Amino acid sequence: MKVAFATQDQQRVDAHFGWAPHLAVYDVTPEGYAFVQDFAFGDGLDEDGDEDKLTPKLAAIADCAIVYVAAIGGSAAARVVASRIHPVKVTQPEPILDILDKLQNVLRGTPPPWLRKALMKGQERSFDFEDDAEVKR
């Protein structure tokens with residue numbers, strides 16, 4: 001699963017999604033993680049209300065299941081969720097490698113429902129109703 005991190009220094013999650021100069025993308029599995037790509041964004045990031053700045057960011061992380069951010073505006077969060085990407089807000093700057101270690105450990109165990117759903121990104125959903133208990137009338 002690919003995971004993106006909004007970052008100023010490419011080391012920590014320390015940036016607001018819309019204003020992030022970098023989105024670092026990693027591929028994470030229960031066995032490990034690997035750096036995939038850093039997407040750098042230039043001028044005009046600090047303009048409030050400029051929804052166009054979100055378009056290239058959403059395109060850059062389109063195949064990611066999760067994006068970690070220091071903050072995210074309401075309209076940006078709605079667009080991220082509509083792209084089937086789960087935004088995760090960190091309460092204080094946190095090293096990307098620490099988050100990757102924690103995420104890898106969670107993947108080895110029993111991931112919470114929101115993470116299981118994120119893991120399904122890009123996969124066809126199948127429904128097996130035979131295992132469901134019959135509803136009693």
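None of the values given here were measured: they were computed from a predicted structure.
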Just grab all the side chain to side chain donor-acceptor pair (under 3.5 Å) pairs involving residues 87-97, residues at least two apart or on different chains. Glu94-Lys102
Donor-acceptor contact below 3.5 Å, side chain Ser83 vs main chain Ile85: no
Heavy-atom closest contact (Pro111 atom, Gly109 atom, distance): CD-O, 3.3 Å
Could you pull out the closest heavy-atom pair between Val80 and Val67, with the gap in Å? CG1-CG1, 3.9 Å
I'd like to know if the side chain of His16 and the backbone of Gly18 have a donor-acceptor N/O pair within less than 3.5 Å. yes
Quick one: does Phe41's side chain get under 4.5 Å of Pro56's, heavy atoms only? yes
Passes side chain to side chain donor-acceptor pair (under 3.5 Å), Thr110 versus Arg116? Steps please. CA-CA 9 Å; Thr110 305; Arg116 287 196 303 269; over 6 Å; no
Any side-chain heavy-atom pair of Tyr26 and Ile96 under 4.5 Å: yes
Min side-chain heavy-atom separation Trp114-Val88 under 4.5 Å: yes
Is it true that Val81 and Leu58 fall in one hydrophobic cluster, defined by side-chain heavy atoms closer than 4.5 Å? no
Atom CG in Leu54, atom CZ in Phe17: separation rounded to 0.5 Å? 6.0 Å
Quick one: does Lys57's side chain have a donor or acceptor within less than 3.5 Å of a partner on Ala20's backbone? yes
Would you indicate whether the side-chain heavy atoms of Leu107 and Thr29 approach each other to under 4.5 Å? no
Quick one: does any side-chain atom of Lys53 pair with a main-chain N or O of Trp19 as donor and acceptor, under 3.5 Å? no
Side chains of residues 1-9: which donor-acceptor pairs under 3.5 Å do they make with residues two or more places apart or in other chains?
residue	atom	partner	partner atom	Å
Lys2	NZ	Asp63	OD2	2.7
Thr7	OG1	Asp9	N	3.2
Thr7	OG1	Asp9	OD1	3.2
Thr7	OG1	Gln10	N	2.8
Thr7	OG1	Arg12	O	2.7
Gln8	NE2	Asp14	O	2.7
Asp9	OD1	Gln11	N	2.8
Asp9	OD1	Arg12	N	2.9
Asp9	OD2	Arg12	NE	2.9

Mind checking the CG-OH spacing from Leu100 to Tyr68? Nearest 0.5 Å is all I need. 8.0 Å
